[in-house]
Every structure is written in C-alpha cells, then in structure tokens.
Amino acid sequence: MGKTMEGWDSMEEWTPATIQAFRRALLTWYDHEGRDLPWRRDHDPYHVWVSEVMLQQTQVQTVIPYYQNFMAIFPTVAALAAAPEPDLLKAWQGLGYYSRARNLQRAAQQIVTDYHGQWPRTAAGLADLIGVGPYTAGAIASIAFGEVVPAVDGNAFRVFARLLMIDDDIAKPRTRQRFENIIQPIVDPERPGAFNQAIMDLGSSYMTAKNSDPAHSPVRDFDASYQANRVADFPVKTKAPRPKLMPYYGLIIHSPAGYLMVQRGEQEMLSGYWTFPLVLQADLREDEAEVAPTVTTDITEMTRRWQKDIQLDLDLQPLGGRPVSQTYTHQRWQVKLLTANLQTISDLQFYPGQWVAPGDITDLPLPKVQEKMLQRLQDQNPFEELEWK
DNA sequence: AAAACGTGGAC
DNA sequence: TGTCCAAGTTT
C-alpha cells in the first residue's frame, strides 16, 4: 500500500489504488463491526433526518431513547408538522440545543406544504431545509438517496486530519470546504452512505478524540499520523473561550394557586421552555444585611419581561443550600433561590407568568436548570407542600 | 468570522 | 470542581 514509506508529509495525495484499498478496508470492517442502531434499520429519509439532527453535538447513547420515543409520538413527517409545540418541546426536553426541535418542525412543514411531501433528493436541495446544514445534508443525501457526497462532521474532521496529517484548524469555518474537497474523491461511489457512516463509526471507536487506539484500527496502514507517531497532533483545533459567569436570582413565588412560572421568550436561550422567574442579580437591589434583596419597581430585567411597572413588594427569603449552577457552552449560571409565600393571588393575577399547581409543573417542558431548582425546592420543602407529583 | 446555542460523559 | 468533547447550524 506504499504509505509506510518515510517522510509522508501532510497533503500528499492518495493514488487511485490507495483510495480503492482504503474503501475496501473501511467497508469490510464496517460490514462486520458497524453498530446496529435504531435509525439504521432502513434508509427512510425521515428516520435518517431526525436521527442526524438529534445527533448534532450529541452522543449516540444519549440519542437512542429520545429517537425511539420521538418516532413513537411523531411517526411521520406529517405527524411532526402537525404536532402541538408543547408536545414537541417535551419530547426534546433534556436533549439540549432546543432550536433544533423547532427547526425540525419548521422543516417538516416545509416538506409537507412547499414540497407536497416529496423530499429533495440531493444535498444541495436538502440544505434548503431549515436546520439542515452541510453535514446533515450530506448525511441524508448519501444514506437515504445514495448521492456520492461526503458528510463532514467532527468524526470526519478528526479521522481525515489524522489519516492525511491535515493541520488546518478545524474550528475555522473555511476549513470545512477544504475537507469536503479532500474527502469527495475518496467517498465510495458504490456505497456513499455506508462510507460516511463507517467514517463516523471509526471516529467513535479506534479514532476517538481521547484514548484512541490507532494501532488496531482497520485503516491503520493508511494512517499517516500513526506512522509518524504524531496522532496526538491531529486534528488542530483552537479551544473555545471560557463560559461567562451569570449570577441570577431564581424567584420561587408560591400562592394558593401554585407556583409562578414563566415561559422563555423567542429571543432568549431555552426559548419555549418554562422556569421560575429569573432575574440577573445586577438588576436586583441587595439590601444592607445581604440576607435577601428588596424587590422594587426598578427590577429592569423583570419589568422588561413582564412589561408591567409592578410594585411587587414581595417578602423574599433565601432558600437554603448552595446556588443552583448550570454550565452552558458560553455561560455559567449561578442561581440563588429566593422564596415568597402569598396568601392571596389578587395582586398578581395580571402577571404574564402562569400559576402552576405543584403536580402540574412537570407536565411543562422544563430545561435542566429548572429541574435542579425544583429538586432543591422539594428537598427544602419550605411550604410543606404535600402534592408534588 | 465569530459567537450563540444544552446536556451528559470521561478523566 | 474543572476541562474537554460529542453525528453542527444559525445569525
């Protein structure tokens, strides 16, 4: 195979014979060792599409139960297009990157109405669907429709960066096109879908980011970085900045009608999901003793959200325990919990939030940070509530 | 081009 | 507890 010669620097191109041998080694391995996954039971574009969107930035083992539940509830594109949004968000709860769910439904509606139920059969056409980028378009086109195109995800970046010792920074947008150009002639024209999936299986087994095992890889003989003993040098990827600290108060406001909950707005993170009211600490005036903040009408964040100039006059008390923390890709929330117990709700009826009975809270779509706040509330039990679901 | 966007697992 | 990573897309 000729790649054991010394000094194989990056960017040396594979000969047609090398490409042929690589495909054979890869696909022979894949046919025997490829994973049996729920979305690989057929090549239905709906199945491929939903699984690929769920798999964006998400590990396989996380996706499996979500995929199975999703298909039970929304078995067809038409069912997804017609689904009530709360059902959709509930089915996606815990998966993260929630705009994926809404984009998925918008694309389903595109297919039903604009395309009359007929799928675009090429990557270029599929990329017109909202939420379908270059990777997902390539994956659906190759797996469901047999188009000979690469599907360049994190695995493909890593695998080919190592195989060919490509030192372009894969964090940079411009690098994608370069990888697509390099991979395109290597994709097996007979089995493009299997080829792309085999690369991904390789990237999640022998050629993982950490603790890789290139010595036993089925394509070891094609692995330039392994031959050069430089596996750890690839891929090149600049690291992300640290998440910014966001100190919040979480307001747990209890009344005879239940707990005050608000739905996150269109422009906000976690959009469409429900939480206790959250107020940036900078927007809430601390009192001298620093026991609990005094809530006044100058709570800018809250008045913006509720669009009311409300004299809240709540008697807020801190809830015991450390702040609830939740780390996102770009933010680190630390939420101090404060409670208030109202004897009557007459003053608060016009709040744009909703009073939710304790037993009904978990019926709403909730983000992880809300589940943590709820858990803390139940642990502390300040209102001696007996009706938790 | 760079930043925003969730969560869970591995170490 | 902290850091990095995982089948990316949108703005």
Side-chain angles (χ1 to χ4, degrees), chain A residues 34-35 37-40 47-67 89 92-104 106-107 126-140 142-143 150-159 169-177 179-180 193 196-205 207-212 232 235 237-246 264 266-273 275 322-323 325-334 365-372:
Chain A
R35 291 171 292 182
L37 299 168
W39 47 88
R40 286 183 176 175
H47 297 163
V48 176
W49 172 51
V50 171
S51 67
E52 291 300 342
V53 173
M54 285 186 169
L55 286 160
Q56 291 168 8
Q57 301 291 283
T58 310
Q59 295 183 345
V60 166
Q61 76 170 40
T62 301
V63 165
I64 290 174
Y66 281 91
Y67 175 82
L89 297 183
W92 207 271
Q93 174 176 325
L95 253 193
Y97 287 145
Y98 297 113
S99 65
R100 289 185 294 174
R102 239 185 305 270
N103 289 158
L104 203 64
R106 289 171 60 192
L126 288 159
D128 288 337
L129 297 170
I130 183 71
V132 176
Y135 161 72
T136 306
I140 301 172
S142 62
I143 298 169
V152 184
D153 70 334
N155 288 307
F157 273 126
R158 184 172 56 256
V159 167
D169 183 353
I170 66 170
K172 299 227 175 290
R174 50 187 294 178
T175 303
R176 164 174 299 281
Q177 185 62 58
F179 271 74
E180 286 174 348
N196 286 329
Q197 291 178 93
I199 293 296
M200 293 189 264
D201 278 16
L202 196 57
S204 56
S205 57
M207 299 183 73
T208 50
K210 298 175 179 175
N211 302 322
S212 64
K237 185 182 184 182
T238 57
K239 55 184 175 184
R242 292 179 55 182
K244 177 186 177 186
L245 180 64
M246 303 283 282
R264 308 274 301 174
E266 293 275 340
Q267 311 302 330
E268 293 180 299
M269 189 166 65
L270 309 173
S271 149
Y273 286 76
T275 68
R322 293 277 72 197
S325 64
Q326 178 70 31
T327 302
Y328 302 102
T329 308
H330 63 299
Q331 293 180 7
R332 191 161 61 92
W333 289 13
Q334 286 194 339
L366 308 176
K368 187 58 57 180
V369 67
Q370 174 60 27
E371 293 191 320
K372 290 177 180 175

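Just so we're on the same page: letters track the sequence lines, and every chain starts at 1. It should be emphasised that the depicted structure is a prediction, and the values quoted were computed from it without experimental measurement.
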**Q** Which residue, A:Pro173 or A:Thr329, contacts DNA chain B at a nucleotide closer to its 5' end, judged by nearest heavy atom?
**A** A:Pro173
**Q** How is A:Trp39 classified with respect to the nucleic acid when contacts are heavy atoms under 4.0 Å: base, sugar-phosphate, or nothing?
**A** base
**Q** Separation of A:Gln326 atom CD from C:dG2 atom P, in whole Å?
**A** 14 Å
**Q** Taking atom P of C:dT9 as reference, at what distance in whole Å does atom CG of A:Leu126 sit?
**A** 12 Å
**Q** For A:Thr327 and for A:Gly154, find the nucleotide of DNA chain C with the closest heavy atom, then tell me which residue's nucleotide is more 5'.
**A** A:Thr327
**Q** Answer yes when A:Asp153 and A:Arg176 have at least one side-chain N-carboxylate O distance shorter than 4.0 Å, and no when they do not.
**A** no
**Q** Toward the 5' end of DNA chain C, which comes first, A:Asn103 or A:Ala209, by nearest nucleotide?
**A** A:Ala209
**Q** Between C1' on C:dG2 and NZ on A:Lys239, what's the gap in Å once rounded to a whole number?
**A** 13 Å
**Q** Just checking A:Gln197: base, sugar-phosphate only, or nothing, at a heavy-atom cut-off of under 4.0 Å?
**A** nothing
**Q** What I'd like to find out is whether the side chain of A:Gln197 reaches to under 4.5 Å of the side chain of A:Arg40, using heavy atoms alone.
**A** yes
**Q** What's the gap between B:dA3 and C:dA7 when it is taken at their C1' atoms, as a whole Å value?
**A** 22 Å
**Q** On DNA chain B, compare the nucleotides closest to A:Tyr98 and A:Gln61; which residue's is nearer the 5' end?
**A** A:Tyr98
**Q** If you draw a 6.0 Å radius around CZ in A:Arg35, do more than 12 non-hydrogen atoms from other residues or ligands fall strictly inside?
**A** yes
**Q** Quick one: label A:Arg106 by what it contacts on the DNA or RNA (base, sugar-phosphate, nothing), any heavy atom closer than 4.0 Å.
**A** nothing
**Q** Heavy atoms under 4.0 Å, any strand shown: does A:Met269 hit a base, just sugar-phosphate, or nothing?
**A** sugar-phosphate
**Q** How close do A:Ala151 and A:Ala156 get, heavy atom to heavy atom, and via which atoms?
**A** O-CB, 3.9 Å
**Q** Mind listing the residues from residues 131-140 of chain A sitting with a heavy atom below 4.0 Å of DNA chain C? Number order is fine.
**A** A:Gly131, A:Val132, A:Gly133, A:Pro134, A:Tyr135, A:Thr136
**Q** Using atom CD1 of A:Ile199 as one end and atom P of C:dA7 as the other, report the distance to the nearest whole Å.
**A** 12 Å
**Q** Flag the pair A:Ile170 / A:Phe179 as yes when at least one side-chain heavy-atom distance between them is below 4.5 Å, and no otherwise.
**A** yes
**Q** Which residue pairs pass the salt bridge (Lys or Arg N to Asp or Glu O under 4.0 Å) test with at least one member in residues 93-103 of chain A, sequence neighbours excluded?
**A** A:Glu85-A:Arg102
**Q** Using a heavy-atom cut-off of 4.0 Å to chain A, what are the terminal contacting nucleotides of DNA chain B, in 5' to 3' order?
**A** B:dA1 to B:dC11
**Q** Mind checking if A:Ile170 touches a base, just sugar-phosphate, or nothing, with heavy atoms under 4.0 Å?
**A** nothing
**Q** With no hydrogens and no angle check, do the side chains of A:Gln334 and A:Gln326 hold a donor and an acceptor under 3.5 Å apart?
**A** no
**Q** Is there a donor-acceptor pair closer than 3.5 Å between any side-chain N or O of A:Ser51 and the backbone N or O of A:His47?
**A** yes
**Q** Between A:Leu245 and A:Trp333, is there a side-chain heavy-atom distance shorter than 4.5 Å?
**A** no
**Q** How long is the line joining CZ of A:Arg102 and P of C:dT10, in whole Å?
**A** 14 Å
**Q** Any base atoms under 4.0 Å from A:Leu95, or only sugar-phosphate, or nothing? Heavy atoms, all strands.
**A** base
**Q** Output the rounded distance in Å from CD1 (A:Ile64) to P (C:dA6).
**A** 18 Å
**Q** Looking at every strand, decide which applies to A:Asn196 at a 4.0 Å heavy-atom threshold: base, sugar-phosphate, or nothing.
**A** nothing
**Q** Looking at every heavy atom in both A:Leu366 and A:Tyr273, which two are closest together, and how far apart are they?
**A** N-CD2, 3.7 Å
**Q** What is the separation between atom CD on A:Gln56 and atom C1' on C:dA6, rounded to the nearest whole Å?
**A** 12 Å
**Q** Would you tell me if any nitrogen or oxygen in the side chain of A:Arg158 comes within less than 4.0 Å of OP1 or OP2 on C:dA7?
**A** yes
**Q** Rounding to a whole Å, what distance do you find between A:Leu104:CG and C:dG8:C1'?
**A** 14 Å
**Q** Which heavy atom of A:Ile64 sits nearest a heavy atom of A:Leu37, and at what distance?
**A** CD1-CD2, 4.2 Å
**Q** Using atom C1' in both nucleotides, what's the gap between C:dA6 and B:dG6 to the nearest angstrom?
**A** 12 Å
